[in-house]
Amino acid sequence: MKKHFLAAFVILIFSVLFFSSCGNKPKYFRYDVSNYVSYIEASSDKGPGYVLPRIGEFKHLDKNNMRNLVNLISDENNLLWLKIQFILPEEFKGKDIGLFIGYLRGADLLFINNISIRQYGEFPPMENSAGFTGQYFMFSQSQLNQNGLNTILIKVWPDAFGSISTKMFLGERPDIYSTAERMTFFNSKITISFAGIMVIICFMYLFLYIVMKNYENRNVYLYFALINFFTVFFLIPFFISEIAWAKPIWFSYSLLIRLFFYGGAFTTIYFANSFILAFLRKKEHNSLFYIRLGIFVLPLIYSFTLKSTIQLSGFMPLIMIFGALQFCFSIPFLVKSIIIKETRKNSLYLLIGFAPVTTGVVLDFILKILNVNPNLPFFTIYGWQITTFIFLGSLLLRFGAMYMHNTELNTKLAEFTNHLEDVVALRTKELSEANYVLSKGLETVAHVQKNFLPPKNKSFRGWDLAISYNALDNNVSGDLYDYYFADGVLDGMGIFDVSGHGIPAGLMTILAKSIISQHFITGMNQDESISNVLKDINKSYIKEKVDVENYITGLLFRFSEFNKKDICSVEFANAGHPYPLLYKSEENEVIELKQEDQKQYGILGVEGLDVSFPPVSFRIAQDDIIICYTDGLTDCVNSKGEDFSKERIVKIIKEYHHESAIMLMNRIMDKFNDFIGREKYTDDITLMVLKRTNSKDYIEEI
């Protein structure tokens with residue numbers, strides 16, 4: 001990693017030196033006229049003929065007032081006229097020259113010696129801002145008095161944000177043009193590129209939000225997509241002059257500011273806070289949601305009541321105020337997350353990600369709101385671009401890390417297969433049947449697996465149990481079943497499916513059985529919910545299996561004692577396994593057992609994966625039947641490409657429900673074998689049939 005950073009740094013330094021040394025730029029003479037600007041206020045219907053005779057009434061324009069021209073007019077319907085007079089320096093005689101004035105975000109029209117030169121923007125009543133384009137005016141030799149006084153008059157609509165550069169100068173055409181283009185690029189054109197990138201990022205994160213349906217915190221992607229989308233709204237006024245052709249005639253400048261500048265700002269701030277709360281996994285209560293929504297909507301509505309752009313200029317500080325109020329709801333959670341050790345890393349990452357835009361906000365507050373230097377571009381925009389790239393880079397790095405992680409896991413799995421016997425042996429010492437597991441190859445593994453599983457058919461008080469257990473690879477199966485009883489009383493049972501086949505999966509069933517049995521018995525003795533028992537099994541399995549890339553799906557049941565009516569209560573939890581079936585004899589129907597109120601998600605054995613194993617409870621009476629199976633049964637296909645399916649099992653249960661558990665199990669497996677014909681199994685297959693019998697008729701086996 002350090003080598004990559006070093007290489008990138010060397011390339012960067014080389015590029016800077018190369019491009020900075022390409023060619024020697026000619027030095028041009030500049031004549032600074034910023035100290036010779038004066039102004040006069042006039043009504044909007046007055047032209048140069050009215051202004052020229054009043055040259056003596058012009059007032060000197062102080063550089064501080066250049067930053068906010070709107071302060072110079074007493075009536076918002078009036079316009080300003082700026083005057084610059086100069087005698088042509090010797091360096092410019094006989095040349096075409098120009099005047100650079102920076103940018104006037106309102107509208108302006110320039111006259112040189114009473115000759116109209118060029119206009120930027122549109123004047124009221126159909127006003128339209130010139131935007132952030134670098135403004136310049138070119139004069140030919142014939143338009144200039146080569147030896148006498150030259151008079152420049154600029155008619156200005158200062159609007160809400162009108163300002164001119166404090167460094168206005170006359171210069172030669174190449175110098176004027178390149179200076180203006182450079183300003184246009186950094187203040188306007190580059191913003192279009194930013195907007196295009198943000199649209200792409202918006203669609204990327206929307207795609208992630210759509211496809212990652214099972215990711216609990218996927219709202220992070222939605223909020224970040226919306227942040228980018230509404231940031232584009234906010235940026236439109238900054239480059240509207242570059243796409244003036246797309247602006248409808250009826251779309252006024254004040255509406256543009258309200259809808260895009262203020263609307264985009266408030267909406268972006270709102271979703272930025274939503275993103276922070278989601279990133280910190282802070283669930284937003286209804287009261288907090290409505291308060292934040294009110295802080296977002298109310299000032300936005302108020303902005304639409306302001307009639308003029310001058311009134312809108314006074315509204316800009318409210319963006320800071322209401323934005324700060326929004327962040328009052330997210331910053332405390334961020335600080336708290338930094339204090340807590342477990343959440344500190346992600347919180348610091350979030351803080352670093354937003355550092356550039358935070359710095360930009362502070363700089364803009366100082367430069368714009370405090371009027372230190374409003375001519376500089378909005379640093380918040382550049383800061384936000386950096387923040388966006390940081391989070392985009394994070395996304396790419398996460399995908400890269402995920403790829404590298406998977407590669408490493410595959411490598412470790414290949415290495416681990418060679419010494420898997422030693423790892424499993426550490427956990428199977430307690431099993432007397434497995435003292436020599438993994439030392440004699442495939443035959444030994446199959447023998448041990450066969451011995452540690454309990455008998456397939458068993459009767460208990462009030463229960464009749466039958467199990468079909470079929471391995472795909474040479475009697476070594478990745479399926480696992482177990483049941484737990486004492487003194488003829490069935491306390492619980494489980495069915496599990498380890499991913500994969502053959503020896504690796506078979507060995508992991510040995511490890512899993514020990515963990516599951518231990519936690520089931522402990523949970524029953526401590527009266528722990530079956531949901532928590534599964535969660536404890538998940539944690540222990542992740543810890544004990546080291547870096548093996550195996551996972552498990554399964555069902556775990558727990559049974560209560562029979563009441564006076566011979567009815568038993570059943571509680572079970574599901575870890576990503578096919579839903580069990582329940583035949584209700586009284587209604588003569590088969591139903592799937594699943595949790596309706598809470599969402600079940602997750603499997604056993606995947607580190608970092610959120611899981612939810614909500615318990616399912618029901619009552620079971622005499623002649624009711626519970627059927628559990630692994631997906632190898634329903635997913636197996638015949639020569640026609642048809643799978644056996646759950647529906648076929650349901651049909652068989654309804655037809656043969658009156659038979660014993662072992663007979664019903666045989667019926668299902670016979671139908672299954674007839675269905676697949678000569679086709680081979682594609683997975684391990686386990687089927688468990690548990691039928692309720694009369695608990696009073698039970699005779700304990702000898």
Side-chain angles (χ1 to χ4, degrees), residues 214 449 453 456 466-483 493-509 512-513 516 534 537-538 541 549-557 572-583 590-595 599-606 609 611-613 616 625-653 664-665 667-677 679-690:
N214 296 325
Q449 188 179 54
L453 292 175
K456 297 179 183 179
I467 301 170
S468 176
Y469 184 72
N470 303 276
L472 175 65
D473 296 331
N474 299 313
N475 297 321
V476 179
S477 174
D479 287 354
L480 166 67
Y481 71 86
D482 205 356
Y483 48 83
M493 72 173 188
I495 181 171
F496 298 89
D497 185 358
V498 178
S499 62
H501 310 292
I503 293 179
L507 292 173
M508 297 315 293
T509 62
K513 181 182 183 300
I516 295 167
L534 264 187
I537 292 171
N538 182 42
Y541 183 67
E549 197 174 355
N550 277 99
Y551 62 85
I552 301 176
T553 66
L555 303 167
L556 190 61
F557 290 81
F572 84 93
N574 190 338
H577 201 76
Y579 296 119
L581 302 175
L582 173 64
Y583 172 75
V590 179
I591 61 173
E592 269 190 328
L593 295 171
K594 63 175 89 172
Q595 175 59 261
K599 187 176 181 181
Q600 183 275 320
Y601 52 86
I603 52 181
L604 304 174
V606 180
L609 178 69
V611 296
S612 173
F613 310 131
V616 179
I625 307 171
I626 299 174
I627 300 91
C628 307
Y629 51 86
T630 55
D631 57 8
L633 179 66
T634 52
D635 293 348
C636 196
V637 297
N638 61 13
S639 58
K640 298 179 181 179
E642 302 169 331
D643 56 34
F644 188 61
S645 77
K646 173 193 67 179
E647 287 71 23
R648 286 186 169 84
I649 299 176
V650 171
K651 184 178 179 181
I652 298 169
I653 295 170
L664 179 56
M665 178 200 72
R667 295 284 188 185
I668 295 174
M669 293 308 299
D670 288 345
K671 296 287 186 181
F672 171 77
N673 289 320
D674 291 342
F675 174 80
I676 64 171
E679 296 296 318
K680 294 182 179 181
Y681 290 1
T682 56
D683 197 357
D684 304 316
I685 297 174
T686 301
L687 170 66
M688 300 182 73
V689 178
L690 183 65

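Just so it is clear, the values below take in all heavy atoms, side chains as well, and ignore hydrogens, waters and symmetry mates.
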How far apart are the closest heavy atoms of Gly494 and Met688, and which atoms are they? O-SD, 3.8 Å
Check whether any side-chain heavy atom of Leu633 sits under 4.5 Å from a side-chain heavy atom of Ile649, and report yes or no. yes
Counting N and O atoms only, with roles assigned by atom type, does the side chain of Thr630 sit under 3.5 Å from a partner on the main chain of Thr686, one being a donor and the other an acceptor? yes
Should the ring pair Phe557 and Phe572 be called parallel, tilted or perpendicular, given that the plane angle runs from 0 to 90° and is split at 30 and 60? parallel
Side-chain touch Thr634/Ser645, heavy atoms, less than 4.5 angstrom: no
Output field: ring centroids Tyr469/Tyr481 closer than 6.0 Å: yes
Flag side-chain contact, heavy atom, 4.5 Å: Ile668 against Leu687: yes
If you round to the nearest 0.5 Å, how far is CG of Leu480 from CD1 of Ile495? 9.0 Å
When rounded to the nearest 0.5 Å, the distance separating CD1 of Ile627 from OH of Tyr583 is 10.0 Å
So does Asp635 get a backbone contact from the side chain of Asp631, meaning a donor-acceptor N/O pair under 3.5 Å? no
Do the non-hydrogen side-chain atoms of Leu581 and Ile626 ever get within less than 4.5 Å of each other? no
Are the side chains of Phe613 and Gln595 in touch, meaning some heavy atoms are under 4.5 Å apart? no
So, Gln600 side chain and Asn574 main chain: donor-acceptor pair closer than 3.5 Å or not? yes
Nearest 0.5 angstrom please: Ser477 OG to Ile685 CD1, how far? 9.5 Å
Donor-acceptor contact below 3.5 Å, side chain Ser612 vs main chain Lys599: yes
Between Thr553 and Asp497, does a side-chain hydrogen bond (donor to acceptor under 3.5 Å, both in side chains) hold up when you go through it step by step? CA-CA 5 Å; Thr553 66; Asp497 185 358; 4.6 Å; no
Smallest heavy-atom separation, Tyr483 atom then Ile467 atom, equals CE2-CD1, 4.0 Å
Val637 vs Phe644, side-chain contact (heavy atoms from CB on, under 4.5 Å): CA-CA, chis, key distance, verdict: CA-CA 6 Å; Val637 297; Phe644 188 61; over 6 Å; no
What pair of heavy atoms forms the shortest contact from Cys636 to Ile676, and how long is it? SG-CG2, 3.8 Å
I need the single residue from Thr509, Leu453, Asp684 that forms a side-chain contact (heavy atoms from CB on, under 4.5 Å) with Asp479. Which is it? Asp684
Any sub-3.5 Å donor-acceptor pair from His577's side-chain atoms to Leu556's backbone N or O? no
Heavy atoms only: give me the nearest Val498-Met508 pair and the separation to one decimal. CG1-CB, 4.0 Å
Are Glu592 and Lys594 close enough for a salt bridge, meaning some N to O gap below 4.0 Å? yes
Just wondering, do Tyr579 and Leu593 contact through their side chains at under 4.5 Å, heavy atoms? no
In short, Ala573 meets Leu534 closest at the heavy-atom pair CB-CD1, 3.5 Å
Looking at Asp643, is its backbone amide N or carbonyl O close enough to the side chain of Arg648 to form a donor-acceptor pair, meaning the two atoms are under 3.5 Å apart? yes
Evaluate the side-chain hydrogen bond (donor to acceptor under 3.5 Å, both in side chains) criterion for residues Ser468 and Asn470: first the C-alpha distance (whole Å), next the side-chain angles of each, then the deciding distance (0.1 Å), finally the verdict. CA-CA 7 Å; Ser468 176; Asn470 303 276; 2.9 Å; yes
What's the shortest heavy-atom distance between Tyr541 and Ala512, and which atoms? CE1-CB, 4.3 Å
Identified side-chain contact (heavy atoms from CB on, under 4.5 Å) partner of Leu609 from the options Ile603, Leu604, Asn538: Ile603
Is the shortest side-chain heavy-atom distance between Asp482 and Lys513 below 4.5 Å? yes
So that I know where these two stand, are Phe672 and Tyr681 an aromatic pair - ring centroids less than 6.0 Å apart? yes
Does Asn673 use its side chain to pair, donor to acceptor, with the backbone of Met669 at less than 3.5 Å? yes
